[in-house]
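Convention: sequence-line order gives letters A, B, ...; per-chain numbering from 1.
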Amino acid sequence: MTEEKSLNFIEEIIEADLKSGKYSSIVTRFPPEPNGYLHIGHATSICLNFGLTQKFGGYTNLRFDDTNPVTEETEYVESIKEDVKWLGFEWKNELYASDYFEQLYGFALKLIDKGLAYVDDLTSEEIAALKGSHTEPGKDSPFRSRSIEENRRLFEAMRAGQFKDGEKVLRAKIDMAHPNMLMRDPIMYRIKHAHHHRTGDQWCIYPMYDFAHGQSDSIEEVTHSICTLEFVPHRELYDWFIEKLEIFPSHQYEFARRNLTYTVMSKRKLLQLVAEKHVDGWDDPRMPTISGMRRRGYTPEAFRDFCDRVGIAKRENLVDVGLLEFCVREHLNKVALRRMVVFDPLKVVIRNYEEKLGEVEMLKGEDNPEDPESTVREIPFGRELFIERDDFMEQPPKKFFRLYPGGMVRLKFAYIIRCDEVVKDDAGNITELRCTYIPESKSGEDTSGINVKGTLHWVSAHNNVTAEVRLYDRLFKVEDPSNEEGDFKDYINTDSLQVVQTVFAEPALKTAKMNERYQFLRKGYFTLDTKDTYGRLVFNRTVTLKDSWSKEQKKA
RNA sequence: UGAGCUAUGGUGUAACGGUAGCACUACAGAUUUUGGUUCUGUCUGUCUAGGUUCGAAUCCUAGUAGCUCAACCA
């Protein structure tokens, strides 16, 4: 028996529509405006729209809502396509609202002919003044009663470029006293003598969102048009245009956008972070953009799992970023290659270990203990090693499982060692540990009978490679920066990036690849940075490992 | 002080008039050559007040709280 997973409210609507025979299969679309980079909020929408047609049958289009030439660019189109593909989805058709400009123009003429649209000469300010308010009805424009013939002639003249920007607009003739402000004769077309990224200089009038989006859905015969909650009031207008135009009845459904703790999600705020150089660009690994998180090492599988677990609904929400981190750890744990890297080296000399001239003992370490068919790599051992400085304490607290004077630990994949002597410089800093190893304790063939509590990662002091490592923390110091007093930027975490210039890694990392994920043992998950790093090895930390020891310490 | 939307543990989401469940987090324990993983267990919830009903998270009424709406943006 398979467990029936309960459906979310949109899936329930679709299931009912399919069952009743309203539709035999469904069509959805992901409709970004190409004026910025996609972030994790968009990822939710992508997973939803594409996930729905995967689940119920049908297809999903990628449609760029490019009706405002002054903010939109081809560069964004490319990055959006890359991000959607990277998330693992395939669109049926790549479409543009600008493909429909001629049809949309025809729709406008149709409404004019029906006496449902008029050309208005008022300025932007005058229109706003006559619009009324939440508590007061609006007033009719003096141009509202122009004849159909005049409206037609004027609108054609608008298209022909006979007017300057802002001189005239086309408005729907609905009701200036409507309780829904969007129904108070909304603007359908405005004049913009601007170059469009696809249609060039072909047009100087451009449709507004409300006169483009629903109609585009309808042209594509989108059955379920899914958007976020702030568009709820637009639905009434969406339906009005479709009804008056007598075109395919697409339906709009709204869900609550996703918010994440310790970050911001609005395009405006993200743009500010980039423009004011609080981060290094849209793809800075601290950004909640898909490109940023990709660079940080997040995987498409983790994103999709996250969207699945969060689900969708209509109430306000603030999802704990810890859930995202859980998802990426869960995936990375299964696929990441284990490697040993020492960040802050402390030298260990094994006094009873004899090195033979020209010979290095190679130890075997499995690449991934989660994989029963794990491959194995070789790790050079030696008389002189590095361990992590904080894996040693002269005066260990209770429950400290690591190395201390007289104590024993296992070196992962290698031998058990005992610390005999601590060497210090004149200033009292520890410079070296002198140890002995237990030859019979070799990993995999241990006959020593000794049990130790701690296992440390290490690298050979002579056979290693160096690398740079970038450690990221949350971008903001508070859970919901947008909801705090004052400017959200006051809450930026200035310690969100820590660069460790030189770390010591086992030689296997010399051939690290872009598409591979690594777990640096006891340190976290890392991936190679995708930027040109001039021949250096630079790793980004995707996420730390869960750390119950530091938690234990905080309690003490 | 108009209209619309929403209200279930710390977080997110189920329960479709009939035992408030799942996941994350937190906590406790077991296993462990990663203080990771895995496994087991525990804590915490129906916004308020009325009503309908044998029975209400669910239906009704009235409150309360939060969000959205007056761009020639999308």
Side-chain angles (χ1 to χ4, degrees), chain A residues 3 5-8 12 31-33 35 65-68 70-72 120 122-124 127-129 131-138 165-171 178-182 184 187-192 205-206 208-210 212-213 227-236 254 256 258 261 267 308-327 329-330 333-334 338 340 369-370 399-402 409-414 416 441 443-444 446 451-457 479 519-524 544-553:
Chain A
E3 285 280 303
K5 207 188 170 233
S6 57
L7 303 178
N8 65 49
E12 281 182 357
E33 184 191 10
N35 72 342
D65 251 345
D66 55 350
T67 57
N68 186 358
V70 301
T71 57
E72 295 151 7
D120 198 339
L122 257 28
T123 63
S124 172
I127 288 175
K131 195 138 196 182
S133 71
H134 294 143
T135 46
E136 285 170 72
D165 285 11
E167 216 173 310
K168 286 188 167 40
V169 292
L170 183 72
R171 294 230 256 168
H178 200 106
N180 181 350
M181 302 283 290
L182 286 161
R184 322 246 258 229
I187 293 168
M188 293 161 58
Y189 269 90
R190 75 287 215 190
I191 299 169
K192 276 180 194 279
I205 56 170
Y206 292 92
M208 298 285 290
Y209 166 86
D210 283 306
H213 196 98
C227 60
T228 45
L229 242 32
E230 70 267 29
F231 290 97
V232 169
H234 292 252
R235 190 176 59 230
E236 196 171 9
E254 311 87 9
R258 257 39 275 207
T261 54
K267 262 185 200 173
D308 248 28
R309 285 172 187 268
V310 169
I312 70 148
K314 296 183 81 157
R315 74 182 88 120
E316 290 295 312
N317 61 79
L318 183 60
V319 182
D320 190 341
V321 71
L323 182 61
L324 218 210
E325 292 175 345
F326 167 83
C327 292
R329 282 191 189 108
E330 180 158 85
N333 178 46
K334 291 197 193 94
R338 313 295 139 125
M340 296 198 291
E370 301 295 310
K399 291 202 255 179
F400 185 80
F401 302 157
R402 307 175 186 182
V409 292
R410 171 172 294 280
L411 298 176
K412 180 75 178 174
F413 304 125
I416 293 173
S441 68
S443 194
D446 185 352
N451 258 323
V452 292
K453 205 76 165 149
T455 301
L456 307 185
H457 64 277
E479 281 203 329
Q519 185 197 104
F520 293 176
L521 246 53
R522 306 205 297 138
K523 286 292 187 183
T544 60
L545 257 26
K546 261 175 67 179
D547 183 2
S548 44
W549 169 240
S550 70
K551 225 183 271 176
E552 183 79 25
Q553 280 181 307

A.B. asks: Name the closest nucleotide to the Thr455(A) side chain, picking from rU33(B), rG12(B), rC5(B).
C.D. replies: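 When the side chain of Thr455(A) is considered, rU33(B) is the closest of rU33(B), rG12(B), rC5(B).
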A.B. asks: Spell out yes or no: do the side chain of Glu370(A) and the base of rG36(B) have one donor N/O and one acceptor N/O closer than 3.5 Å?
C.D. replies: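 Looking at the base of rG36(B), it does pair with a donor or acceptor on the side chain of Glu370(A) (distance under 3.5 Å).
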A.B. asks: Taking rC43(B) as the reference, what is the distance to rC22(B) when you measure between their P atoms (whole Å, please)?
C.D. replies: 12 Å
A.B. asks: Mind calculating the distance between NE2 (His457(A)) and P (rG36(B)) to the nearest angstrom?
C.D. replies: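 The answer, rounded to whole Å, is 15 Å.
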A.B. asks: Do the side chains of Leu545(A) and Lys523(A) get nearer than 4.5 Å, heavy atoms only?
C.D. replies: no
A.B. asks: With rounding to whole Å, what would you report as the distance between rU25(B) and rG9(B) at their C1' atoms?
C.D. replies: 11 Å
A.B. asks: Reckon Phe400(A) touches a base, only the sugar-phosphate, or nothing at all at heavy-atom distances under 4.0 Å?
C.D. replies: base
A.B. asks: Does Arg402(A) reach a base, just sugar-phosphate, or nothing at all? Heavy atoms under 4.0 Å.
C.D. replies: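 If one applies the 4.0 Å heavy-atom cut-off, Arg402(A) turns out to touch a base.
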A.B. asks: Could you give the CG-to-P distance, from Asn333(A) to rG36(B), as a whole number of Å?
C.D. replies: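 That distance rounds to 12 Å.
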A.B. asks: Using the P atom as the point on both nucleotides, what is the distance between rU34(B) and rU68(B), in whole Å?
C.D. replies: 49 Å
A.B. asks: Could you tell me the separation between the CG atom of Asn333(A) and the NZ atom of Lys546(A), rounded to the nearest 0.5 Å?
C.D. replies: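 Going from the CG atom of Asn333(A) to the NZ atom of Lys546(A) covers 11.0 Å.
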A.B. asks: Hey, is the side chain of Arg235(A) poking within less than 4.0 Å of OP1 or OP2 on rC5(B), counting only N and O atoms?
C.D. replies: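 The answer is no; no side-chain N or O of Arg235(A) sits under 4.0 Å from OP1 or OP2.
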A.B. asks: Without swapping roles, check the side chain of Arg258(A) against the backbone of Gly311(A) for a donor-acceptor pair under 3.5 Å.
C.D. replies: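 It does hold such a pair.
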A.B. asks: Rounded to whole angstrom, note down the C1' distance from rG18(B) over to rA56(B).
C.D. replies: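 Result for the C1' pair: 10 Å, nearest Å.
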A.B. asks: Starting from P on rG36(B), measure out to CG on Leu456(A) and report it in whole angstrom.
C.D. replies: 14 Å
A.B. asks: Rounded to whole angstrom, note down the P distance from rU1(B) over to rG63(B).
C.D. replies: 11 Å
A.B. asks: With rounding to the closest Å, how many angstrom separate the P atoms on rA30(B) and rG50(B)?
C.D. replies: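 It comes out at 49 Å once rounded to the nearest Å.
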A.B. asks: Are Arg522(A) and Lys412(A) close enough, and set up right, to give a side-chain contact (heavy atoms from CB on, under 4.5 Å), and what steps lead you there?
C.D. replies: CA-CA 11 Å; Arg522(A) 306 205 297 138; Lys412(A) 180 75 178 174; over 6 Å; no
A.B. asks: Run the side-chain contact (heavy atoms from CB on, under 4.5 Å) check on Ile127(A) and Ile187(A) step by step: do they pass?
C.D. replies: CA-CA 10 Å; Ile127(A) 288 175; Ile187(A) 293 168; 4.2 Å; yes
A.B. asks: Nearest-Å distance, CZ (Arg522(A)) to C1' (rU33(B))?
C.D. replies: 11 Å
A.B. asks: To the nearest 0.5 Å, tell me how far Asp66(A) CG sits from Glu72(A) CD.
C.D. replies: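 With rounding to 0.5 Å, CG (Asp66(A)) is 5.5 Å from CD (Glu72(A)).
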A.B. asks: Using a 4.0 Å heavy-atom cut-off to protein, can you give one letter per nucleotide of nucleotides 24-32 of chain B, 5' to 3': B if the base is in contact, S if only the sugar-phosphate is, - if neither?
C.D. replies: SSSSS----
A.B. asks: For RNA chain B, what is the dot-bracket line, given that a base pair needs Watson-Crick (N1 to N3, plus N6-O4 or O6-N4) or G-U wobble (N1-O2 and O6-N3) geometry with both distances under 3.5 Å, and | means paired with another strand?
C.D. replies: .((((((..((((....[..)))).(((((.......)))))....(((((..]....))))))))))).....
A.B. asks: Please work out which of the three classes, parallel, tilted or perpendicular, describes the rings of His234(A) and Tyr209(A), given edges at 30° and 60°.
C.D. replies: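 Because their plane-to-plane angle is over 60°, the rings of Tyr209(A) and His234(A) count as perpendicular.
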A.B. asks: In terms of the nearest nucleotide of RNA chain B, which residue is placed more toward the 5' end: Thr135(A) or Gly454(A)?
C.D. replies: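 So the residue in question is Thr135(A).
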A.B. asks: State, to 0.1 Å, how close His457(A) and Leu521(A) come at their nearest heavy-atom pair, and which atoms those are.
C.D. replies: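 What the structure gives for the nearest pair is ND1-O, 3.5 Å.
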A.B. asks: Below 3.5 Å, does any donor atom in the side chain of Arg410(A) face an acceptor in the base of rU33(B), or the other way round?
C.D. replies: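 Such a pair is found, so the answer is yes.
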A.B. asks: Nearest 0.5 Å, please: how far is CZ in Phe413(A) from OG1 in Thr455(A)?
C.D. replies: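 If I round to the nearest 0.5 Å, the distance is 10.0 Å.
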A.B. asks: Determine whether Thr261(A) and Leu318(A) satisfy the following criterion, side-chain contact (heavy atoms from CB on, under 4.5 Å), listing intermediate values before the conclusion.
C.D. replies: CA-CA 6 Å; Thr261(A) 54; Leu318(A) 183 60; 3.7 Å; yes
A.B. asks: Please find the pair of heavy atoms, one from Glu552(A) and one from Lys399(A), that lie closest to each other, and give the distance.
C.D. replies: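 Reported closest heavy-atom pair: OE2-NZ, 2.8 Å.
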A.B. asks: NA contact type, Leu411(A), heavy-atom cut-off 4.0 Å: base, sugar-phosphate, or nothing?
C.D. replies: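 Contact class for Leu411(A): none.
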A.B. asks: On a whole-Å scale, what distance lies between the C1' atoms belonging to rU58(B) and rU53(B)?
C.D. replies: 13 Å
A.B. asks: Return the CZ to CG distance between Arg309(A) and Leu324(A), rounded to the nearest 0.5 Å.
C.D. replies: 11.0 Å
A.B. asks: Distance check needed: rG35(B) P versus Phe520(A) CZ, whole Å only.
C.D. replies: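 After rounding, the gap between these two atoms is 17 Å.
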A.B. asks: After noting the C-alpha distance and the side-chain angles of Asp446(A) and Ile416(A), does the key distance pass the side-chain contact (heavy atoms from CB on, under 4.5 Å) rule?
C.D. replies: CA-CA 9 Å; Asp446(A) 185 352; Ile416(A) 293 173; 4.3 Å; yes
A.B. asks: Is the phosphate of rU13(B) approached by Arg258(A) (side-chain N or O, under 4.0 Å from OP1 or OP2)?
C.D. replies: yes
A.B. asks: Do any side-chain nitrogens or oxygens of Arg338(A) fall under 4.0 Å of OP1 or OP2 in rU37(B)?
C.D. replies: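 No, Arg338(A) has no side-chain N/O under 4.0 Å of OP1/OP2 on rU37(B).
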A.B. asks: Tell me which of Gly311(A) and Glu552(A) sits closer to the 5' end of RNA chain B, going by the nucleotide each one is nearest to.
C.D. replies: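 The 5'-side residue here is Gly311(A).
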A.B. asks: What string of B, S and - do you get for nucleotides 67-74 of chain B, 5' to 3', when a contact is any protein heavy atom under 4.0 Å?
C.D. replies: S-BB-BSB
A.B. asks: Give one of base, sugar-phosphate or nothing for Gln519(A), where a contact means two heavy atoms less than 4.0 Å apart.
C.D. replies: base
A.B. asks: How long is the gap from NZ on Lys267(A) to OG1 on Thr71(A), to the nearest 0.5 Å?
C.D. replies: 8.0 Å
A.B. asks: Checking all strands, does Gly444(A) fall into the base, sugar-phosphate, or nothing category for heavy-atom contacts under 4.0 angstrom?
C.D. replies: base
A.B. asks: Starting at CG of Asp547(A) and ending at P of rU34(B), how long is that distance when rounded to a whole Å?
C.D. replies: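 It works out to 15 Å between those atoms.
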A.B. asks: Quick one: Phe413(A) CZ to rU33(B) P, roughly how many Å, whole number?
C.D. replies: 13 Å
A.B. asks: Between rC54(B) and rG41(B), how many Å separate the two C1' atoms, rounded to a whole number?
C.D. replies: 37 Å
A.B. asks: Take the protein atom CZ of Arg315(A) and the nucleotide atom P of rU46(B), then report the distance between them rounded to whole Å.
C.D. replies: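 Nearest whole value for this atom pair: 14 Å.
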